[in-house]
Amino acid sequence: MGLKTLTATVVATLLFTAAPAVASSGLVLRDGVSAPVFSYEKAIRETAWVETGQDLDRDGQTDRVAADIIRPAEPAARGQRVPVIMDVSPYFEKVGRGNERQPKTYLPDGTPSQFPLFYDNYFVPRGYAVVLVDVGGTNRSSGCFDDVASGNGVVNWLNGRARAFRTPFGPERVRAGWANGSVGAIGKSQDGATAIGMAASGIEGLKTIVPIAGVSSYYEVHNSHGAYFGWAGGPGFYNERAEKLCRPFEEDNARRAGTDGNFNEYWRGLDYVAKTGKVRASVFASMGFHDLNVNPIQFGPWWEALNAYGVPRKAWLHQAAHVDPFDLDRSLFVRTLHRWFDRWLLGVRNGVETEPAIRIEHTPDRWTDERRWPPVTATRVLWPSEAGGLGNRPSPGTASVTDDPARGASQWVENPSQPSPDRVVFAGEPVRADTRVAGTATVTVTARSDKPGARLGAVLVDYGPATVRNTKFPALGTKDLTTRSCWGAGTAADTGCFLDTVADLTTVDKRIVATGWADLGHHRSLWRGEPLVPGKAYTMTFRLSSLDHVVPAGHRLALVLGGTDGDMFDPALPALGSRVTFELGGTSLSVPVAGRVQSSEREWGGASSG
């Protein structure tokens with residue numbers, strides 16, 4: 001081992017080794033995991049309003065975010081400190097969390113009574129505190145929407161570096177002498193994005209994050225390779241006070257973000273992939289490859305950056321949409337999460353970080369464990385032809401589309417053998433054996449427009465019959481049953497019991513497996529677009545969404561090219577109406593191919609029953 005490698009290993013060990021708690025929490029281990037020895041019913045329930053160090057709502061007072069806390073009473077009575085599992089969210093009041101949209105609820109005196117999701121029910125009896133934080137400007141917090149600052153403020157308070165108070169605006173201080181300083185941030189969607197952003201800040205005390213369908217770069221939420229989707233404005237979950245006070249803040253954000261599709265300093269500040277080198281926390285992530293809420297491009301590049309920096313990591317990857325793994329394989333996920341938090345927050349040497357890093361679903365309810373993602377792949381370059389094929393060599397000729405913002409990818413992929421002016425389909429030969437494509441594909445186009453602007457859309461499609469999870473919007477690939485199962489202890493106000501779920505299956509004759517969009521005027525630079533010279537050819541390469549898909553034997557993999565994708569772009573945006581001509585000799589698809597897929601029962605074992 002060379003000196004450079006040795007140094008990196010030592011640094012990684014120092015950064016990521018979970019140290020024992022500062023003071024014992026009274027931990028009891030049974031069968032290698034923390035045991036439920038503390039009373040949930042008698043747990044301490046309270047709220048602290050924590051300063052963030054900002055005044056985003058410009059009211060002349062430091063913003064305070066509401067942190068609702070539930071923690072075991074027995075360690076507190078003995079002066080023992082406990083670690084914290086934290087969810088930072090704007091959703092606790094107006095949307096709720098989980099399939100059943102649970103909100104926070106409170107007693108008449110303001111004491112928290114229901115903590116959404118199962119984290120409190122399951123982990124408080126095992127010696128953890130659970131802290132649910134309202135993002136600035138939402139529910140009971142003051143300030144405006146800065147999710148990372150909201151979460152980091154609470155981490156700082158738990159580590160003695162920030163102030164908190166008993167009431168939203170009063171002077172009575174509250175200290176977190178009960179916390180040992182170790183924090184794990186968990187959450188889905190926006191909450192997961194917050195966890196990723198907190199880790200990217202490098203904040204001390206954040207030991208692990210568990211982002212579920214989280215955003216790693218906000219530029220791709222509103223834009224793609226210079227193509228501007230539209231600006232949704234503020235978060236939409238402000239409380240009445242923030243709705244008024246935060247208008248200037250939101251207007252300033254919209255101005256700095258821009259509407260031209262350019263990557264700029266605003267977006268660079270929200271690019272957590274570029275900040276992966278600051279991450280001190282371990283990562284347990286989850287992503288669905290058919291998520292229409294959070295594009296899988298938010299996972300692929302970020303995960304590869306975590307690989308490059310040697311961050312201890314684990315991921316559950318699946319073929320559903322915007323779904324929590326709690327609703328895919330509940331018992332195994334809870335068991336895995338339990339061991340993960342024990343390892344990184346309690347310092348239990350259980351070996352979870354040395355087990356296969358990836359648990360992946362290739363077909364509904366059939367999972368396999370793998371050591372890495374993406375798997376070892378070879379990039380295969382495929383070239384379209386005028387005859388509509390997709391082959392191994394460049395082909396001369398052209399193909400044209402007329403931009404029609406009223407139609408989108410969901411229409412483009414229909415009836416592939418029939419001509420349509422708004423898209424062209426290039427299909428490969430039927431594959432001879434099950435073939436896995438995994439990673440992030442790219443498309444290179446050489447194209448000319450008859451107008452000074454042109455939007456481009458690209459879709460990778462698997463044509464062939466299959467039974468899959470139903471992810472056609474608004475379906476998520478799972479459905480609720482009428483039965484319930486309980487995960488931890490409960491009270492009448494917070495039972496810890498949730499509707500059971502099963503896979504929602506459907507039979508299809510095609511499956512969109514990756515999508516991508518671009519503005520041809522950004523062919524030279526993502527930072528600055530330029531008007532096109534009508535009739536001049538430009539070459540541009542752009543990414544498709546990250547994917548992991550098995551193309552069954554006999555199916556055909558196809559590339560579909562179009563203009564404005566009406567499924568993605570705000571219909572209020574100006575219609576370009578361009579006629580775009582692709583020069584096929586300079587147009588190609590690069591796909592990461594992992595080879596043939598074994599079909600033995602050992603490889604494709606069914607979902608764990610737990």
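For reference, positions follow the sequence shown, starting with 1.
In this structure Phe118 satisfies the ring pair (Phe, Tyr, Trp, His ring centres under 6.0 Å) test together with Phe326, sequence neighbours excluded. Here His290 pairs with nothing under the ring pair (Phe, Tyr, Trp, His ring centres under 6.0 Å) rule; sequence neighbours left out. Ser217 is linked by a side-chain hydrogen bond (donor to acceptor under 3.5 Å, both in side chains) to Glu220, counting only residues two or more places apart in sequence or in another chain. In this structure Asp191 satisfies the side-chain hydrogen bond (donor to acceptor under 3.5 Å, both in side chains) test together with Ser89, Arg97, sequence neighbours excluded. Taking Gln54 as the reference, Asp146 meet the side-chain hydrogen bond (donor to acceptor under 3.5 Å, both in side chains) condition, with sequence neighbours excluded.
Ring to ring, Trp267 and His222 are close: their centroids are under 6.0 angstrom apart. Taking the centre of each ring, Phe229 and Trp517 come in below the 6.0 Å mark. Taking the ring centroids of Trp487 and Phe123, they lie at or beyond the 6.0 Å cut-off.
For residues 166-177, the set of pairs meeting the side-chain hydrogen bond (donor to acceptor under 3.5 Å, both in side chains) definition, not counting sequence neighbours, is empty.
Phe165 carries Arg64 over the face of its six-membered ring, with the cationic atom under 6.0 Å from the centre and within 45° of the normal. For the pair Arg126 and Tyr122, the cation-pi criterion (under 6.0 Å, within 45° of the ring axis) is fulfilled. Seen from the ring of Phe249, Arg256 does not count as a face-on cation partner, given the 6.0 Å and 45° thresholds. For the pair Arg268 and Phe263, the cation does not sit on the ring face, since its NZ or CZ is not both under 6.0 Å from the ring centre and inside 45° of the axis. Seen from the ring of Tyr106, Arg140 counts as a face-on cation partner, given the 6.0 Å and 45° thresholds.
Counting all heavy atoms, side chain and backbone alike, His522 lies closest to Gly529 at NE2-N, 3.3 Å.
Classified by interplanar angle (parallel below 30°, tilted 30° to 60°, perpendicular above 60°), the ring pair Trp340/Phe284 is tilted.
A salt bridge links Arg524 and Glu530; the closest N-O separation between the charged side-chain nitrogens and carboxylate oxygens is under 4.0 Å. A salt bridge does not link Lys244 with Asp57: every distance from a Lys NZ or Arg NE/NH1/NH2 to an Asp or Glu carboxylate oxygen is 4.0 Å or more. A salt bridge does not link Asp55 to Arg58: none of the charged side-chain nitrogens sits closer than 4.0 Å to a carboxylate oxygen.
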